[in-house]
Amino acid sequence: MNITTTLKDNFKMQLGSFYVEVWGCQMNVYDGGRIKDLLTAAGFAQVNSPKDADIVVLVTCAVRAKAEDKVFNQIASWRHTGDINDDTIIALGGCVGSELAEQILELDKSVNIIFGPRTIHRLPQMIGQFTATGKPVVDVTADAIDKFDYMPESGPVGPSAFVTIMEGCSNKCTYCIVPYTRGEEQSRPVQDILDECVNHISNGVLEIHLLGQNVNSYHGLNPDGTVCNFSSLLYEIAAIPGVERIRFTTSNPMDFTDDIIKAVHDLDVISDSIHVPIQSGSDRILHAMHRRYTAKQYINLVKKLREARPTVHISSDFIVGFPGETDEDFEETMKVVNEVKFDQSFSFVYSIRPGTPAAKLEDPVPKEVKMQRLYRLQNRLEELASEYTQSFLGTTQRCLVEGTSRKDESELKSRSSSGRIVVFKGPLSLVGKMVDVKITSVIAHTLKGELV
């Protein structure tokens, strides 16, 4: 391995190569992208395969046990195939880094560096420390938004860019480990967010995707010291020249206030696709989850959103088999699904997260019953999403062209405001631009069309 290191305040590393792989939510994707910027600025060269890398950086989540298992299985698989070896530096982070910390060294002795969502900015120093000493480095604790002060400007990322507006969560839903891995909620200053958006726009970005565990509770400071709420931030970003579309994830229903709904009505640049997790349709289960809203309140929120934006598509998250969930509780969820008629949504069987309040609850429901419920829910969600997809036939959609289609390089791949993939024939010069496409056919959840 050919790395030279100078461990000073402003040190430089040279001639090392790195590979980054990410699992989990969009915030992990954002962190993975910033790690690439950080290591590149520090003098490392990015490669496209772990086999070519001196350093392999893995960013994964801790929301479900499956995600944790996946990263360790991936390390074992790469070692088996020879893609990594004893000389490869392995850095493992994301929420799983904060959750398990030193325990990771016991689970997989090939891991050399452990970092958390709050400490990605220290990764070059961690690599330098390990290279100099050969001893494992564990660093998972820092102020939530310190990392943003140490990040270089992003380079070109394509026509769409993630921008994290806040870190952590203070809601303490009983099933969720995020407040314990990402910490309490903290919002970035308004100007920092605007500067990052402007930088992306200057690099050809047309779509800004705002990220946070609960973007609706954003409360960052304006330059004059006053507090800016989320709806005001939306107006600020929409006013940036060159911003043609805004998406945001994730929204807690209890904080989706009328001023945010008004922004959805006022700002055409806000996407038609809005993700609002309900988790369950049973008020009893929602209370046990500490979600702090009722099914009726959620339904009323959706009605308001659809009045403000008739073309809106509401997607959601569902947890099936929360401890103690009865048949009656599950039927309440199905009632809400059939009343709201969600678009493309996500659903999972409850996964125990050690250290969360729900992990202590008795759970008498057999796994096979949970899987039957999940199968039924997913089938209904799929039916509803298919109906929405079919409804686009014959319409004209405003689409952001992202690149070429994976299945046919003679076609361009784009994304509509609703979040649907739209493919059509067109010149490569359209990549990175907004175009109008008339939908002529539907294949699964992909729309095919003709350039208008």
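Atoms considered below: every heavy atom in the structure, side chains included; atoms not considered: hydrogens, waters and symmetry mates.
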Atom [atom1] in [X], atom [atom2] in [Y]: separation rounded to 0.5 Å?
| X | Y | atom1 | atom2 | result |
| --- | --- | --- | --- | --- |
| L194 | I237 | CG | CD1 | 6.0 Å |
| E184 | Q213 | CD | CD | 12.0 Å |
| I274 | T249 | CD1 | OG1 | 10.0 Å |
| I75 | E21 | CD1 | CD | 10.5 Å |
| R291 | L286 | CZ | CG | 7.5 Å |
| I165 | D192 | CD1 | CG | 12.5 Å |

Within 6.0 Å of [atom1] in [X], more than 12 heavy atoms from elsewhere:
| X | atom1 | answer |
| --- | --- | --- |
| L428 | CG | no |
| E153 | CD | no |
| D86 | CG | no |
| N85 | CG | yes |

Is a donor on one side and an acceptor on the other found under 3.5 Å between the side chain of [X] and the backbone of [Y]?
| X | Y | value |
| --- | --- | --- |
| D436 | V452 | no |
| T389 | A385 | yes |
| S202 | N199 | yes |
| N112 | I90 | yes |
| T133 | Q129 | yes |
| K51 | G82 | no |
| S345 | D343 | yes |

(request) Dump the intermediate steps for side-chain contact (heavy atoms from CB on, under 4.5 Å) on N28 and W23, then the final yes or no. (result) CA-CA 7 Å; N28 275 359; W23 294 268; 5.9 Å; no
(message) Taking the basic N atoms (NZ, or NE/NH1/NH2) and the acidic carboxylate oxygens, is any pair closer than 4.0 Å for E387 and K341?
(response)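 No.
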(message) Tell me whether R122 is salt-bridged to D146, with the criterion being a basic N under 4.0 Å from an acidic carboxylate O.
(response)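 Not counted as a salt bridge, because no side-chain N and carboxylate O are separated by less than 4.0 Å.
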(message) The test is side-chain contact (heavy atoms from CB on, under 4.5 Å); show your working for H200 and V163 and say whether it passes.
(response) CA-CA 9 Å; H200 281 309; V163 175; 3.8 Å; yes
Are any non-hydrogen side-chain atoms of [X] and [Y] less than 4.5 angstrom apart?
| X | Y | answer |
| --- | --- | --- |
| V437 | T396 | no |
| D408 | V423 | no |
| L412 | T404 | yes |
| K172 | Y180 | yes |
| S251 | D255 | no |
| P253 | I278 | no |
| V276 | V302 | no |
| T356 | Y175 | no |

(message) Quick check on side-chain hydrogen bond (donor to acceptor under 3.5 Å, both in side chains): which of Q186, R182, R118 does E167 satisfy it with?
(response) R182
Looking only at side chains, do [X] and [Y] share a donor and an acceptor under 3.5 Å apart?
| X | Y | value |
| --- | --- | --- |
| E382 | H445 | yes |
| R292 | N171 | yes |
| T440 | E450 | no |
| S17 | D54 | yes |
| T174 | H290 | no |

(request) Let me see the working for I193 and Y218 under side-chain contact (heavy atoms from CB on, under 4.5 Å), right down to the final yes or no. (result) CA-CA 12 Å; I193 295 169; Y218 173 82; 3.5 Å; yes
(message) Determine whether S271 and S273 satisfy the following criterion, side-chain hydrogen bond (donor to acceptor under 3.5 Å, both in side chains), listing intermediate values before the conclusion.
(response) CA-CA 5 Å; S271 164; S273 176; 4.7 Å; no
(request) Identify, with sequence neighbours excluded, every residue that meets ring-ring contact (aromatic ring centres under 6.0 Å, His included) alongside Y235. (result)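 Y235: no ring-ring contact (aromatic ring centres under 6.0 Å, His included) contacts found.
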Aromatic ring pairing [X]/[Y], orientation class (parallel under 30°, perpendicular over 60°, tilted between):
| X | Y | value |
| --- | --- | --- |
| Y350 | F322 | perpendicular |
| F148 | Y30 | tilted |
| Y298 | Y293 | tilted |
| F248 | F256 | tilted |

(message) Test side-chain contact (heavy atoms from CB on, under 4.5 Å) on V96 and I114; report intermediate values, then the result.
(response) CA-CA 9 Å; V96 75; I114 299 164; over 6 Å; no
Only pairs under 3.5 Å count here: list side-chain donor-acceptor contacts from residues 36-47, not counting sequence neighbours, and write none if there are none.
residue: D37; atom: OD2; partner: R34; partner atom: NH1; Å: 2.5
residue: D37; atom: OD2; partner: S154; partner atom: OG; Å: 3.1
residue: T40; atom: OG1; partner: K36; partner atom: O; Å: 2.7

(message) Please find the pair of heavy atoms, one from P117 and one from T181, that lie closest to each other, and give the distance.
(response) CD-O, 4.0 Å
(request) Quick one: closest heavy-atom pair of S98 and G116, and the distance? (result) OG-CA, 3.6 Å
(request) Start with the C-alpha gap between R309 and D272, add the side-chain angles, then the distance that decides, and say whether salt bridge (Lys or Arg N to Asp or Glu O under 4.0 Å) holds. (result) CA-CA 8 Å; R309 176 78 68 86; D272 281 345; 2.7 Å; yes
(message) Checking R415 against E207 for the salt bridge (Lys or Arg N to Asp or Glu O under 4.0 Å) test, could you report, in this order, the C-alpha distance in whole Å, the side-chain angles of both residues, the deciding distance, and whether it holds?
(response) CA-CA 11 Å; R415 194 175 300 272; E207 177 183 273; 5.9 Å; no
